[in-house]
Amino acid sequence: MKSYLLSFILCLFFFWPQQLRAQGEVKNILYINSYNVGYPWTDEVTEGFKQVIDFNPNINYFAEFMDTKRFSRIVVFPSFYNYLDAKYDSSNFDLIVACDNDAVDFFLAHQDSVLFKNKPLIFCGITNIEEYPFKNIEAYGVVEGRNLQQIFHSMHRLFPQRKNVYAIFNETVSDSIYKSTVSKFMLDYESSDLKTVSSDNSDSIVRLLQSLGEEDIVYLFNRTFEKKGLFKPYRSILNHITPPYHVPVFSDMAINENTNNVLGGERNRGQGHGKLVAKMAIKRINGEEISPQFLYPKGELVYNYHQLRNFDVELSLLPRDAIIVNKPESIFYKFKRLILVNAFFIIACIAIILILIINNRNQKRYRNKLEAARDQALQSESVKTSFIANVSHEIRTPLNAIIGFSDIIKQENTNKEFDEYVNHIFESSQILERLVNDVLDLSLIDANEVKLNYDNIHLPDFMDELVKRNIVQIAHYQKPKLKLKHKLPKSGPENLYVDKFRLNQIIQNLINNAIKYSFTGTITLSYAFHSREEIKKLTELQTYDLKHQQYCLISVRDYGIGIPQELKSFVFERFRRLDQVYMGHHKGVGLGLNISKSLLNIMGGEIWFTSVQSKGSTFSFIIPHIPKP
Ligand code: ADP
């Protein structure tokens, strides 16, 4: 709670004074300009000043114009002070802004008056800053620095053959300062002859320009021209000083995009000066430090492209930071947007085409690689298959010998001690033989190389033979309660056109499993012929695509251990031996059903089963019943 109170008090402490100032304390500035509204420099400075000050709601400014361009300062000064005194409350202003020499001189002349006493001064438009000591006055300002030496040097560099340098001044304070400055540094140019001319009259200047020739060059300092008693800004007059004249004319501040007759000059932007003055004023009013006290913004050296061409000036001779106005836009700049948009589209199209080409090439490369990999795989697959076939064959020969001889020994042997060993050899070699056969089948199936030898078989005989053979087999397992029989249909076809060897293999697999996974009950082997529709009704093969009209359905039913529901989906998977999961070990590697299913698929049949755990299983399959061709 205490900390909340403390933060609240701190907030009050920090924000209270600003709030007060923002709401109440309005400061007043008196902005005095030497010249009149409409005079370009004056208007520019005023505009810049306004732009910055207008953003400060707590500052009011009052602009006054002395008009000393058109009326003598001797006349203006006393009447202007009386005017201000009558208009404003003497203690009203917090700061005075004075633009140009006359305004500053006016302030100095009345510095002890009630209006100006102890008021800080901020000025601009002063060239001869060293002549203003500002004794006992708090003064800051923007000095109107000139680059005269640089522009005169540029005139000499561009036109070295023009020896007579005419500098035309008028009678203003600034011009007299410029005159002495120029006279001093022109002494360094021995080949040039500086001729200073004083004139306020535009007609006389035009006459002078028209009389000058190939050895002359002109710098015009005049800010205004008088014509028939009226002062006009020289910016408008200069455009009326029309050729023919044969001299390059340089001038200050007049040169811009609309000035055709001036070749070059120095440009001071009044707006920039006005802004600087306003920023200084705001700082002073807010009690911030103003540093440096006097600013010296640099003027720009500007050249007129038309005149540069007119006098065949080599552009590389211009100062490095020169600004060229009136330069015709190159075709690129003229149609810049159009060209850029088109270029973008062309680049985008090219990029898309390139991407497509690269993509296509990559695809081709990948396809080739895939084809090569496929060929290689096929080759290695067939190599593998023939290798497995060879190895299986090579293993089978000695294996047959072992099985055969162990069988003979088993029958001939009278020594009971060896009975167990011989039996073991016999059984193991049988398992090994089955495994070798399975692996061989698997490799043939994978290589799609299972060859079927169709023949007509008589099913009742075939089944009979199978049952007899397996009854002998059951005896080996020592499962006395387990029986095996076949169930033949009472009517119907008895022959099946099929690969006998493979059919035998499939049924034998099912019987083997039934014997392996049952202990009691009768294993029943049955067959029946059905139409496609009957098969669909009888079995779970509704979705299976039965292509043939007739099928032979063969089943092996047992009452053995059955298959748990959760393991049913794995029964036909390769090397899956479910009994490892849910009961003890039985001999087998988990290939029998997978091979049977694959063989049946090759033969156009299908296999499935139904099974209930602990109750028994029925494995059934169908084989197409095709008449012998
Ligand atoms: P295995 O060589 O292991 O018998 P199979 O592919 O023939 O391989 O059979 C896969 C698995 O399916 C067997 O391991 C067994 O768990 C189960 N199985 C197959 N037939 C039966 C059946 N009649 N009764 C119970 N389980 C069976």
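All heavy atoms count here, side chains included; hydrogens, waters and symmetry mates do not. Counting starts at 1 for both ligands and their atoms, following the listed order. As the structure is a prediction and not an experimental result, all values here were calculated from the model.
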Next item on the list: Begin from the C-alpha positions of Glu465 and Asn504 and carry the test side-chain hydrogen bond (donor to acceptor under 3.5 Å, both in side chains) through to its verdict.
Entry: CA-CA 10 Å; Glu465 205 179 306; Asn504 178 66; over 6 Å; no

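- Residue Leu593 touches ligand 1 through backbone and side chain together, judged by heavy-atom distances below 4.0 Å.
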Next item on the list: Step by step, work out the salt bridge (Lys or Arg N to Asp or Glu O under 4.0 Å) result for Asp438 and Arg574.
Entry: CA-CA 11 Å; Asp438 282 355; Arg574 225 173 248 190; over 6 Å; no

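- Side-chain contact between His486 and Leu459: absent, with no pair of heavy atoms (C-beta onward) separated by less than 4.5 Å.
- Contact annotation: Asn509 has no heavy atom less than 4.0 Å from any atom of ligand 1.
- Residue-ligand proximity, Gly562 to ligand 1, at heavy-atom distances under 4.0 Å covers atoms 25 (C).
- Exactly one residue among Lys279, Lys275, His273 makes a side-chain contact (heavy atoms from CB on, under 4.5 Å) with Val142. That residue is His273.
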Next item on the list: Any chance you could lay out the side-chain hydrogen bond (donor to acceptor under 3.5 Å, both in side chains) test for Asn456 and Asn495, step after step, and finish with the verdict?
Entry: CA-CA 6 Å; Asn456 239 345; Asn495 289 334; 5.2 Å; no

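- Neither the backbone nor the side chain of Asn512 comes within 4.0 Å of ligand 1, counting heavy atoms alone.
- Backbone and side-chain nitrogen or oxygen atoms of Tyr517 are examined, and one is located within less than 3.5 angstrom of a nitrogen or oxygen of ligand 1.
- The shortest separation from a heavy atom of Phe619 to ligand 1 is under 4.0 Å, placing the residue in contact.
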Note to self: Test side-chain hydrogen bond (donor to acceptor under 3.5 Å, both in side chains) on Asn512 and Gln473; report intermediate values, then the result.
What the structure shows: CA-CA 9 Å; Asn512 281 348; Gln473 191 71 13; 5.4 Å; no

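- No part of Phe572 comes within 4.0 Å of ligand 1, judged by heavy-atom distances.
- Comparing heavy-atom distances from atom 1 (P) of ligand 1 across Lys597, Lys516, Arg434, Glu573 singles out Lys516 as nearest.
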